[in-house]
Amino acid sequence: MGAFFYYLLALAAFAAVGVDSQCTENLTRVVWGDGPWEGNLQVCIGGVWGWICQNGFGTPDAQVACKELGYTAPGAYYRVWSYYGVGNNSVPIHLDRLNCVGTETKLMQCSRSIGIGQSNCGYNQIAGVACASGGTCSNGAIRKIRNSNGTPYRGGGRVEVCSGGVWGSVCDDYFGWVDAKVACVSLGYSGSLLGYSCCARYYGQGYGSIFLDNLHCSGNEASLFSCPHNGVGNHNCGHNEDSGIHCIGVFKPNTCTNGDVALWRPSDGPEYYGLALYCKSNRWIGVCDDSFTCHTARLFCQQLGFAGALFTRSEGYWGLYYYQGDGVDHYAWSCNSGHKSLSQCSYSYHSNCYHNHDQFGIACYPNVQGSQCTNGDVQLQDGTNSTNGRAMYCFEGYWTPLCSISASTASAICKTLGFTSPYAIVYTDERFGTSERRSGLNYLNCPAGATNISSQCTAVYKTWSGGCYISYGKCGKEAGIQCFNASQDCTDGSVRLVNGVLEQEGRVEVCSYGLWGTVCQGDWNAIDAYIVCNQLGYTGTGPLSYYNSKFGVASHLPTVYNNVKCVGWEKSITECTKNVYPAGSCSQSQTASVVCKEGCRDGEVRLLGGGFENEGTVQICYGGLWGLVSDNQWDVNDANVVCYQLGFGGGNALAILNNQYGKPNMTIHIRNVACLGNETFLDNCTKIKNSLSSGSSQLASTSVAGVDCLFDTPTDPPCIQRPVLYDSFGSECTNGSVRLQGGSSSEGRVEYCHNGYWSPFCKMDPMVAKVACMQLGFTQYSWGAILEGGEFVSGRNISLFDNITCTGSETSLSQCAVAENTDCTPFCRYNLGLRCFNPGSCTNGALRLADGVIDNEGRVEVCVNGVWGAVCDQGFDVTDAHVVCQQLGHPELEPIVFANSAFGPGQYPIVYNDVACGGYENSLSDCNKQTYTACSRYNTAGVLCGYDCRDGDVRLVGGSVANEGTVEICFNNLWGTVNEAGWGDDAAGILCYQLGFEKEGSQASSDFPKPSLTVHYGDFSCTGSEMSITDCSYTTYSLYEGKSISQQATAVGGVRCNRCSVPVPPTNNDGCSDGELRLTGGQESGVQEGRLQYCVQGSWSDFCYLGSNEASVACRQLGFADIDVSVVFTDGRFGSGATTSLFTHFNCSQGVSQFLECQLDSCPSTCPQALGLRCYEETNCAEGETRLVGGSFDTEGRVEVCHKGIWGSVCATGFDTTDAHVACKEVGVGPSEPIVYNNSYFGDGDVAIVLSDLQCNGYERSIVDCNPKEFGSFECSRSAVVGVRCQDRCSTGDVQLVNDRNLTSEGTVLVCYDNTWGLITDNDWGKQNADVVCKQLYYTNGGEAVLGSYYGKPNKTIIYNNVACTGSESSIVDCTNDPLSVDDARAIFASVNVAGVRCAMNTTSPPTDLLSGSVSSTSASVGLAIALIILIASIVITVILIIYVLFKKSRVGKSTVMRQSRVMMSGVENPGAGLEDDDDEFNTAEKEAYLREFK
């Protein structure tokens, strides 16, 4: 409805120009034809004539149109591609997609699939009709008409005359060129050059009566009726004998000013359309299409006063239609885009310009001027208010839409219309409707800062063919704009983020001229994003930059900045280098967005929203962004870890749920947190970590966690009141004694005898332990390991002494100072143990990590005095750990330090304390430290050394091939595995894709070894669109829990990646044995060929690729080992069609005999056709023998050579005229420079391509002597088989007679043209022609024409057709003749007879008898003749030697001729809108027919 409404408006515009008083509503008419029976169709709607589009227009539509025009249906033929002339936009296109059934009486009665005025046609797609039956006419009138649909030649047709008010045809009895001349002249054409035809061969049979027969015109009659004939209606003919004519036009007046150009039309038509003519020597002559470019057409039209050319129409339409003098200029222009006039183009001689196939026509861009508006005006139509609408520009007097609008043009339009802001928005979605206006206008080119469209902007045409031709049609999209006035909605320079889910993200908008506007993504990067974020108060580095309007299209806002280029120091985006609107253009779908970062560290936590510092919503940092924690499964253990991390110890935290402290707009970073309660950081806990996008999507539906941190709980007392029992002296032991209990001789609970009682130790320092071990007999290494965990069961929970202090030099504890406090006896829940050692278990300075669960971790132990010892964690930091890791050979990455005996206390003494490395030391023993000082065994240091990997890196280990194995993922510089639980094919597919394999077909597996690594991840949930495995949602495990899972698990996640892009097809289980090979579907008996199939997993599989070496292997395996030559066919000749092979290809070494010895790429592959193979057995050809095969004549064909006992073809690679010369010489034809065809022009022969890259010098006897590459050493397409056309050494115009009876004065006529001997057809061959040939051969009495290939038809090309001599010419080439192209000659060779002559003998011998031995018998005459013969022979030999020397010194130039070496006009420029489609009658067959009929 909307489109029709706009069309009514358009019609109103046309009507405003003027309603045609002759336009009767719904009436149909034809225009621009030769008469009322033909032309382009128009229909009257709304008082305006309009065109009918060719889309769907066919015979039923043409029948209805002819009936409406007063003719009958049987002779209705449709024309397409604006056959009778190209329209323009002063006339609308009314109808399209007609669907007549043929029974209607008017076109407006036919159904249509689209409404009136709705059309996708161009003005070069107008439908026309030719009505060949019925109708009325004026007696004596004449016409030519043809029964052809589409776009046939304009010049030819069946000749019809009017008698009794109806049309009738003319019989071809005695109808010849004189009769055709009278017909053409009476039609207004030239009588000097024309054509005729018989038998209704080309133009179809008539539908009415046959009026004239046996015409005998003299040539001077004004009408065919004036010629002698049998009488009107008297004939003995059928319509299969209807005559046809081809008329040649003449421009009138026939004088002109040199250099002028013109367009000639055979009938009425638009002034901007016609055959191209050029004034030369003060006469009009056709323009040659050789070296033609579209710029020639452009300059031609511009010289005529038009803006340019729409397209050209080739000889396929015009044929031989205009002739004067030579018919077509033998000089041709070659123009380029830089030329401003034809006079600037090169203008050179072209010997192959002919009037019969080198003329062309042009459709120029029409000069049309309407009266709707004043050119240069602009307005907005159909907007929602006065500030917006479809931009309409007054062009050629009509309101015309713009197909595109640049920013500067949009700004200029708004300024022209009076708006105060320089900003505008361009819309390309046709939101303001369409005008459906066709025109040549594309867009306006306005400079930056333009304020007036009319005076400052230039209209630019629609173009095609690289901008050379103007295009006439609708816009693909009609552009609209939104204009603005300056405002005060915001402060200039301020920025904001809009439409983001999170508070840190959104579309960047900046204020300018008081208006919010967007920023274009051109050159947008992280530095620009950083400046915007910093301006907004976000201080973190590495913000994320997004493009393509990630946070929505702001269709209501202008884009104010483009190509922003910040350096990084700016305080505001306004200080950055940038393009300000309208400089640079940008689509609204290409605006910039950011996610700002906040300067926090990964794993850092904070509380917000609470009334006190120890309470609030929990926020955790990842990727520089603060985010939230889901309260799902949130409990007191999780809360305790958060509080501990924040410094609120004590273990009495409360877990707070349901957004109690608020839920800010931040991403949900983690969910399902499951802390044990003893972790140091929340990040160490097991959890599911969301990607940024997943966390954002969960925000709306997720409640978040909070905490309330409380205070510490009570601990054990340090001492108690001593029991009364111990107030008196005991008798359990001898004071000063020491013993080990509950263990062995070297370890146990250590007890000291004090006041006659065995007392445990509640505290002990290393010096006491040393003395105790020495006292126990460990004298070589007396340092002991103090054990604090109650390992040996407690005897008493009190110690009878407060402390023992030793210097280390004592040999017994009794020598040390013993302190006692009777008021408060030390309380210890666990009694101390002691372990003593003997040296020799290690090398001093050695280092190791002990008791780690995974690789690269453990308790730090160093060898001192031959015994391993631990290191106290007091003062032990990452620098010290770095030295440890470096000493152990790990990468220079920051290690993880573990305190509090994370890997157990170990069994050895603590030898180092307060370690203080500088980081440069080579060994831990080189660092500053204290040795054997007091340190709890619960405070030994541990280290985890990192790997040289980056977070998110993945790798496969433990597989037998590269595409399988256990999955390892790097996190925090640690390789780790994935939990087998929750690991599935979806996640495996993403990981395989990340590694470069195929997503589809990859499978999860746990069949591979489990490495000694932590489990990093589990419970993956992937959608399938992720680019890497860490883009999926997943659970992350703390290092502690990951190690625990790893210890308990028997297997971890692995994959078998599919490296094949093609899915594995189902197999047929054919029962074959793997490695078998066969040929199937071969057609020729005795030829070893067929579709090649290989057995894989018991099923036969086709081949999709087979190299030449592998093809030889296949033949050997099939039993053809004698000849290593084969043919691979890719055309599916042996059946199958598109196929999926179970493998990609084999890669075989030279000389192997079966595919089982080759490497197989087992990935499936697809191909459009299964490969076929032909294997050879030796034939009886002679090695090096050469032949030409597949040509139409004996001088041409595909080059085949006998190689290794078989006939094979030659690859075109490197093949040039020198190589062709050797081939021609070898087959005994054509000493002149041959022509090379390198595109299988003569077919590929279905034979092996055996040679390539020939390097002939010209003197070789055979092409096999030219150092070629042989089969197996090259690859060559079957579309690149070489062919040649050998050429004779003769002069154009030479003639000779040939026959098989050794007759000298008669035979088939051979004529030389362009170094080629060829034949002449016997069409119109007569005595005058024979006389010229015989006189040329020195038979002065003339001769007799012999027809019907009487003397045989040699296998040579046809040189001439329709030769017409007057008898006075000195050479056959001086006669009127019709030279044929090589292609045309091949096409007609089989269907024509050739001319011969029988020359009358001279009364005196011709000059040639002098050399044939007919001389005087006197001795003087004999001597003179002998001397003359010797002289001539000497001259000939000398000339031959000179030529041979010159030939060896200068190789023949390499000039390869492709199949269409002579470019036809139809191949120079397609007329854009497709003037010639698959159904056109512009084809070689009709050209040949036309050439045969021409006289």
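Just so you know, these numbers use all the heavy atoms, side chains as well, and skip hydrogens, waters and symmetry mates.
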Give a yes or no on whether a salt bridge exists between [X] and [Y], defined as a side-chain N under 4.0 angstrom from a carboxylate O.
X     : Y     : answer
K550  : E505  : no
E1076 : R1078 : no
D1007 : R1056 : yes

side-chain contact (heavy atoms from CB on, under 4.5 Å) between Y1034 and S1021, intermediate numbers included: CA-CA 6 Å; Y1034 51 82; S1021 177; over 6 Å; no
From CA spacing to verdict: ring-ring contact (aromatic ring centres under 6.0 Å, His included), W983, F1020: CA-CA 6 Å; W983 179 249; F1020 280 90; 5.5 Å; yes
Do other residues, nucleotides or ligands put more than 12 heavy atoms under 6.0 Å from the [atom1] atom of [X]?
X     : atom1 : value
Q633  : CD    : yes
Q1097 : CD    : no
Y622  : OH    : yes

Quick one: do L849 and V943 satisfy side-chain contact (heavy atoms from CB on, under 4.5 Å)? Show the steps, please. CA-CA 7 Å; L849 300 178; V943 169; 4.3 Å; yes
Please evaluate residues D1161 and N1147 with respect to the criterion side-chain hydrogen bond (donor to acceptor under 3.5 Å, both in side chains), reporting the C-alpha separation (whole Å), side-chain torsions for both, the decisive distance (0.1 Å), and the verdict. CA-CA 8 Å; D1161 185 335; N1147 186 9; over 6 Å; no
Check the side chains of [Y] and [X] for a donor-acceptor pair under 3.5 angstrom, ignoring hydrogens and angles.
X     : Y     : value
E894  : N973  : no
T1130 : Q1169 : no
S1165 : T1144 : no
S1141 : S1101 : yes
T1139 : D1102 : yes

Sole residue of [options] in side-chain contact (heavy atoms from CB on, under 4.5 Å) with [X]:
X     : options                : value
Q619  : E598, M666, E604       : M666
C1022 : L991, I990, D1031      : I990
D880  : D877, V884, V883, V878 : D877

Examine distances only and state if a side-chain atom of [X] and a backbone atom of [Y] form a donor-acceptor pair shorter than 3.5 Å.
X     : Y     : result
S1099 : N1069 : yes
T1030 : G952  : no
S691  : C1032 : no

What one should report as the nearest heavy-atom pair of G540 and P543 is O-CD, 4.3 Å
In a table with atom names and distances, give each donor-acceptor pair under 3.5 Å that connects a side chain of residues 1045-1055 to protein atoms at least two apart or in another chain.
{"unit_1": "S1046", "atom_1": "OG", "unit_2": "L1013", "atom_2": "O", "d": "2.9"}
{"unit_1": "Q1048", "atom_1": "NE2", "unit_2": "S1044", "atom_2": "OG", "d": "3.1"}

Please assess Q698 against S694 for the test side-chain hydrogen bond (donor to acceptor under 3.5 Å, both in side chains), listing each intermediate value before the final yes or no. CA-CA 6 Å; Q698 294 171 18; S694 296; 5.1 Å; no
Salt bridge (charged side-chain N to carboxylate O under 4.0 Å, His left out) evaluation trace for D631 with K663: CA-CA 11 Å; D631 67 359; K663 185 174 76 170; over 6 Å; no
Hey, does the Lys NZ or Arg CZ of K689 hover above the aromatic six-ring of Y1037, less than 6.0 Å from the centre and inside 45° of the axis? no
Can you classify the ring geometry of F1155 versus F1146 as parallel (below 30°), tilted (30 to 60°) or perpendicular (above 60°)? parallel
